[in-house]
Amino acid sequence: MSRKRPGKQNRRSPFKRRSKPGAAPGTMIVDPQAPKPRVRLIAFGPDEFLETEVEDLEKIAQIRGRFPVIWVNVDGLGDASVLSRLQKIFGLHPLAMEDVVNSHQRPKVESYDGQLFIIARELTVRETCLENDQLAIFVGQGFVISFQEIRGDCFDPVRARIRDRSGQFRSRGPDYLCYTLIDAVVDSYFPTVESLGEKLEAAEESILRRPCEKDLVRLHDLKRDLLLVRRAAWPLREAIGSLIRDRHPLITESTLAYLRDAADHTVQIIDLVETDRELCSDLRDIYLSSVSMRMNQIVKVLTIISTIFIPLTFLAGVYGMNFDPAAGPLSMPELRQPLGYAGFWGVCLLIAVSLLGLFAWLGWLGERSEP
């Protein structure tokens, strides 16, 4: 967990291991505080479609052979029995299931017994905080299974396209469905990056107008969010690239072209993030320079005021001494003059104006105008 700051919600860390060191490979230990699984099923073919929320997992085994493609989406990982049953129905590898419940995984692609196992990171803004959740996808012959840590995802447009028969879903296999899920995750990064970019522009305006300590805190939070996006997008680009290079039998040649487009989108995300991170560092330098310049201006003003009053203080100190006007020829003659007091203030005023004129000519009171 990251450290809390007053007035700032805490971010939930996605890098918490649940399996103990030395545990047997494939040990599936769920988080007792995780949400209970909600299983939703979408099965479709060229002329048939079924969408339902599954309470009895045995129905999935019965439906599996009736449709060319079925998509099982699991929201929540808080019940080991549900996960184990799905593992048996689809023959999922134990090592992959261990990675499903250990949500600290970085995006990757692995192959297990003719199945593809894909990890991606979902970025979600909750209560003004950016959170990083794990998405695990299994792709096999005729099925796609997605496991998500919590409820709520970016797959509603995909579900709507399947229902409405739009696109190529009904005539394509599970590899195309897998691509659309990955593409939906990648596309969801764009609004997040754009939102961070808008916050960065607002911070830039504030810093250039009148920098304050809150701007430095805001820049720190933005840089941490940008780092979170980078940690999600950079390895995802490598994972998609491995799908394109390795040519797994489950990925058809026609789907590779779409995967290349998704890889290009991840490159765009990374470019935007790197640009914003550099801008964030530049703004931090500008903030420190602005604060330093403001401090220098304050010191300069105080120095000018002190410099003006130094000769005035000297004169006031000299004439403030208790000399006797009748003490002799070495006494202060000005003390006997009727206009001595006015002359004293005249000299003080002349000195102050002369110093101000000198400072203005030197450019200390502002930019010196060139002839």
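Along the sequence shown, the residues carry numbers beginning at 1.
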- Message: Quick check: is Val347 connected to Ile310 through a chain of hydrophobic side chains (ILVMFWY, heavy atoms under 4.5 Å apart)?
- Response: no
- Hey, any chance Val267 and Leu236 share a hydrophobic cluster, counting ILVMFWY side chains that come within less than 4.5 Å of each other, even indirectly? no
- Query: Hey, what's the ring geometry for Phe155 with Trp71, parallel, tilted or perpendicular (30° and 60° as the breaks)?
  - Reply: perpendicular
- Item | Cation-aromatic face contact Arg237/Trp234, 6.0 Å, 45 degrees | yes
- Message: Under a plain distance cut-off of 3.5 Å, with no hydrogens placed, do Arg172 and Thr255 share a side-chain donor-acceptor pair?
- Response: yes
- Is the shortest side-chain N to carboxylate O distance from Asp276 to Lys223 below 4.0 Å? no
- Decide yes or no for Leu200 and Cys280: does some side-chain heavy atom of the first lie under 4.5 Å from some side-chain heavy atom of the second? yes
- Atom of Pro107, atom of Ala239 and distance for their closest heavy-atom approach: C-CB, 4.4 Å
- Item | Close side-chain approach of Leu50 and Ile63, heavy atoms under 4.5 Å | yes
- Ile207 and Leu219, any side-chain heavy atoms less than 4.5 Å apart: yes
- Query: Hey, are the side chains of Ile119 and Val109 touching, using non-hydrogen atoms and a 4.5 Å cut-off?
  - Reply: no
- Honestly curious: do Ile270 and Leu130 fall in one hydrophobic cluster under the side-chain, below-4.5 Å linking rule? no
- Item | Heavy-atom neighbours of Tyr112 OH exceed 12 at 6.0 Å | yes
- Query: Of the non-hydrogen atoms in His93 and Gln87, which two are nearest, and what is the gap between them?
  - Reply: C-NE2, 4.3 Å
- Verify whether one side chain among Asn73 and Gln148 offers a donor that lies under 3.5 Å from an acceptor in the other. yes
- Query: How far apart are the closest heavy atoms of Pro211 and Asp215, and which atoms are they?
  - Reply: CA-OD2, 3.5 Å
- Query: Quick check: does any side chain N or O of Ser306 sit under 3.5 Å from a backbone N or O of Leu302, one acting as donor and the other as acceptor?
  - Reply: yes
- Message: Could you report the tightest heavy-atom contact between Leu250 and Val139, atom names first, then the distance?
- Response: CD1-O, 3.3 Å
- Item | Asp79 side chain to Ser81 backbone, donor-acceptor under 3.5 Å | yes
- Would you please test Ile269 and His265 for side chain to side chain contact (heavy atoms under 4.5 Å, CB included) and show each step? CA-CA 6 Å; Ile269 291 292; His265 290 173; 5.6 Å; no
- Message: Any non-hydrogen side-chain atom of Asn296 less than 4.5 Å from a side-chain atom of Ser292?
- Response: yes
- Spatial distance of atom OG1 (Thr124) from atom CG (Asn132) [nearest 0.5 Å]: 8.5 Å
- Query: Rounded to the nearest 0.5 Å, how far does CG of Asp285 lie from OG of Ser290?
  - Reply: 10.5 Å
- Between Asp75 and Arg40, is there a side-chain N and carboxylate O pair less than 4.0 Å apart? yes
- Any ion pair linking Glu238 and Lys108 (charged N to carboxylate O, less than 4.0 Å)? no
- Note on the structure: Asp187 and Pro191 have their tightest heavy-atom pair at O-CD, 3.1 Å
- Message: Within the structure provided, determine whether Leu83 and Met97 are in side-chain contact (heavy-atom separation under 4.5 Å).
- Response: yes
- Message: Classify the ring geometry of Phe117 against Phe138: parallel below 30°, tilted from 30° to 60°, perpendicular beyond 60°.
- Response: tilted
- Message: Is it the case that atom CD in Gln141 sees more than 12 heavy atoms from other parts of the structure closer than 6.0 Å?
- Response: no
- Message: Using a strict threshold of under 4.0 Å (side-chain N to carboxylate O), is an ion pair present between Lys199 and Glu201?
- Response: no
- Minimal heavy-atom distance between Ile251 and Asp175, with the atoms involved, is CD1-CB, 3.8 Å
- Roughly how far apart are Arg284 CZ and Ser289 OG, rounded to 0.5 Å? 11.5 Å
- Message: If hydrophobic clusters are built from ILVMFWY residues whose side chains come within less than 4.5 Å, do Ile351 and Trp361 share one?
- Response: yes
- Evaluate the side chain to side chain contact (heavy atoms under 4.5 Å, CB included) criterion for residues Glu253 and Leu256: first the C-alpha distance (whole Å), next the side-chain angles of each, then the deciding distance (0.1 Å), finally the verdict. CA-CA 5 Å; Glu253 189 69 27; Leu256 290 177; 3.6 Å; yes
- Query: Are Glu48 and Arg66 within salt-bridge range, i.e. N to O under 4.0 Å?
  - Reply: no
- Query: Heavy-atom distance under 4.5 Å between the side chains of Leu349 and Trp345, does that happen here?
  - Reply: no
- Query: So, are Asp221 and Arg224 salt-bridged, with charged N and O less than 4.0 Å apart?
  - Reply: yes
- Is the closest side-chain heavy-atom distance between Ile42 and Ile162 below 4.5 Å? yes
- Approximate separation, where rounding is to 0.5 Å, of Thr266 OG1 and Ile240 CD1: 5.0 Å
- Would Phe143 and Phe90 count as a close aromatic pair, with their ring centres under 6.0 Å? yes
- Query: Is the closest basic N to carboxylate O distance between Arg159 and Glu51 below 4.0 Å?
  - Reply: no
- Would you give the length of the straight line joining atom CZ of Arg277 to atom CG of Leu226, rounded to the nearest 0.5 angstrom? 7.5 Å
- Stepwise, does the side chain to side chain contact (heavy atoms under 4.5 Å, CB included) test hold for Glu58 with Arg85? CA-CA 9 Å; Glu58 298 303 327; Arg85 184 54 188 157; 2.8 Å; yes
- Query: Is it true that a side-chain atom of Gln134 and a backbone atom of Arg121 form a donor plus acceptor pair closer than 3.5 Å?
  - Reply: no
- Steps toward side chain to side chain contact (heavy atoms under 4.5 Å, CB included) verdict (Val273, Leu227): CA-CA 8 Å; Val273 169; Leu227 179 60; over 6 Å; no
- Message: Ring centres under 6.0 Å, that's the criterion: do Phe67 and Phe44 meet it?
- Response: no
- Query: Nearest 0.5 Å, what's the CD-OG1 distance between Glu122 and Thr192?
  - Reply: 11.0 Å
- Query: Do you reckon Val229 sits in the same ILVMFWY cluster as Phe190, going by side-chain contacts under 4.5 Å, direct or chained?
  - Reply: yes
